[in-house]
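See below for the structure under consideration.
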Number of protein chains: 2
Amino acid sequence: MKMPQDVFIDYLADNNLKITPQRRLILETILNQKEHLSSEELYAKVKKKDASVGQATIYRTLKLLVDADIVEPLDFADGVTRYEASYGKEHHDHLICTVCSKNIEIMDPLIERRQEEIAEKHGFKLCSHKMYLYGICEECRNKKL
Amino acid sequence: MKMPQDVFIDYLADNNLKITPQRRLILETILNQKEHLSSEELYAKVKKKDASVGQATIYRTLKLLVDADIVEPLDFADGVTRYEASYGKEHHDHLICTVCSKNIEIMDPLIERRQEEIAEKHGFKLCSHKMYLYGICEECRNKKL
DNA sequence: GTGATTGCAAATGTTTTGCAACACT
DNA sequence: AGTGTTGCAAAACATTTGCAATCAC
């Protein structure tokens with residue numbers, strides 16, 4: 001299995017784009033991160049390593065990484081797009097606490113299979129899907145009492 | 001089954017809010033609409049009936065309608081929130097053609113139940129969920145050949 | 001009459017874009 | 001050298017908010 005870095009390099013080469021220190025740094029920063037970072041949060045982390053990097057470069061590089069299928073945009077319905085390194089990882093969905101933003105990764109073959117069936121039934125060839133479950137976690141429910 | 005209009009009136013009364021021509025008009029406009037309107041599109045439709053209504057009133061009223069469980073916000077991940085009248089209608093998800101944007105409403109009790117189970121397993125009380133299936137419809141696949 | 005509501009314009013917050021300077025190949 | 005890239009600031013975009021005038025009850 002290729003490293004994400006190499007996938008990126010290949011993607012850039014294939015599209016006549018250039019490998020730059022900023023692009024390397026931004027990808028490294030995402031890869032070293034367990035959590036789902038917003039562009040703003042990523043910007044802060046990148047700045048710690050190189051204060052000269054601009055916001056715009058973050059956005060532009062994220063777009064490339066998404067396009068290269070290395071990173072996936074997530075929508076937790078709080079107004080910001082978050083990103084996670086997805087290359088080489090198994091697909092999963094998210095269960096999100098709407099109070100504390102706790103985020104659990106879920107994987108359910110039964111649902112995955114059913115989604116395929118539904119798409120097929122309607123004559124669709126499924127490309128991708130997004131599923132977000134929003135709820136309140138046990139901790140937060142107990143806090144309220 | 002109560003009419004959505006009456007649900008709204010009750011909701012307003014319960015919260016010491018007032019019934020205004022603008023609020024009536026906005027609800028009517030959404031109810032008369034089959035498609036999923038963005039705030040912008042709704043604004044345009046409302047203006048045709050009463051040009052004096054402001055954007056802000058659209059947003060404020062949409063918030064009320066969502067809160068009253070009459071209308072549901074949809075997120076098709078294209079930067080705009082869309083809305084659909086949901087009161088009295090069964091919950092459904094969306095199957096979207098990424099080529100022609102065709103949009104099919106789907107309903108699958110099996111998936112719904114499974115979602116509940118997954119949430120419960122993790123100690124969550126499920127509030128809502130979003131599921132979007134993205135694929136290419138038969139028509140668009142045939143066009144390509 | 002009183003408090004909620006409105007339209008407007010200004011503010012907000014995220015993401016995008018134009019541009020001149022600069023860097024990768 | 002030449003095209004792609006960068007940082008900056010300004011722009012764009014959807015949405016929210018402050019406020020004085022107005023309206024519903």
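Reminder, nothing fancy here: chain letters follow the sequence lines and each chain counts from 1.
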Indicate whether the side chain of [X] and that of [Y] have a donor and an acceptor atom separated by less than 3.5 Å.
{"X": "Glu72(A)", "Y": "His91(A)", "value": "no"}
{"X": "Glu84(A)", "Y": "Gln33(A)", "value": "no"}
{"X": "Lys130(B)", "Y": "Tyr134(A)", "value": "yes"}

For [X] and [N], is the shortest distance between a side-chain N/O and OP1 or OP2 below 4.0 Å?
{"X": "Ser52(A)", "N": "dT6(D)", "value": "no"}
{"X": "Lys63(A)", "N": "dT16(C)", "value": "yes"}
{"X": "Thr57(A)", "N": "dT5(D)", "value": "no"}

Classify the nucleic acid contact of [X] as base, sugar-phosphate or nothing, counting any heavy atom under 4.0 Å across all strands shown.
{"X": "Glu40(A)", "answer": "nothing"}
{"X": "Ser38(A)", "answer": "nothing"}
{"X": "Gln55(B)", "answer": "nothing"}

Nearest listed nucleotide, side chain of Tyr59(B), among dA24(D), dT16(D), dA4(C):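 In terms of side-chain proximity for Tyr59(B), the closest of dA24(D), dT16(D), dA4(C) is dT16(D).
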Lys18(A) side-chain proximity, nearest of dT5(D), dT15(D), dA24(D):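 Shortest atom-to-atom distance from the side chain points to dT5(D).
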For [X] and [N], what is the distance between atoms [atom1] and [atom2] respectively, to the nearest whole Å?
{"X": "Arg24(A)", "N": "dC24(C)", "atom1": "CZ", "atom2": "C1'", "value": "11 Å"}
{"X": "Arg82(B)", "N": "dA14(D)", "atom1": "CZ", "atom2": "P", "value": "11 Å"}
{"X": "Arg60(A)", "N": "dC22(C)", "atom1": "CZ", "atom2": "P", "value": "16 Å"}
{"X": "Leu62(A)", "N": "dT14(C)", "atom1": "CG", "atom2": "C1'", "value": "13 Å"}
{"X": "Tyr43(A)", "N": "dT15(C)", "atom1": "OH", "atom2": "P", "value": "14 Å"}
{"X": "Gln22(A)", "N": "dG4(D)", "atom1": "CD", "atom2": "C1'", "value": "12 Å"}
{"X": "Ile9(B)", "N": "dC25(D)", "atom1": "CD1", "atom2": "P", "value": "10 Å"}
{"X": "Tyr83(B)", "N": "dA14(D)", "atom1": "OH", "atom2": "P", "value": "12 Å"}

Between Thr81(B) and Leu64(A), just flag the one whose closest nucleotide in DNA chain D comes earlier from the 5' side.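 Its nucleotide being nearer the 5' end, the pick is Leu64(A).
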Using every non-hydrogen atom in the two residues, find where Leu64(A) and Phe8(A) come nearest and quote the distance to one decimal.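 Here Leu64(A) and Phe8(A) meet closest at CB-CE1, 4.2 Å.
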Classify the ring geometry between His94(A) and Tyr132(A) as parallel (under 30°), tilted (30 to 60°) or perpendicular (over 60°).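 Parallel, since the angle between the ring planes stays under 30°.
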Looking only at N and O atoms, is any donor in the side chain of Arg23(A) or the base of dG4(D) less than 3.5 Å from an acceptor on the other one?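 Under the 3.5 Å cut-off, the side chain and the base do not form any donor-acceptor pair.
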Earlier contact from the 5' end, DNA chain C, for Asp50(B) and Val80(A):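 The residue closer to the strand's 5' end, by nearest nucleotide, is Asp50(B).
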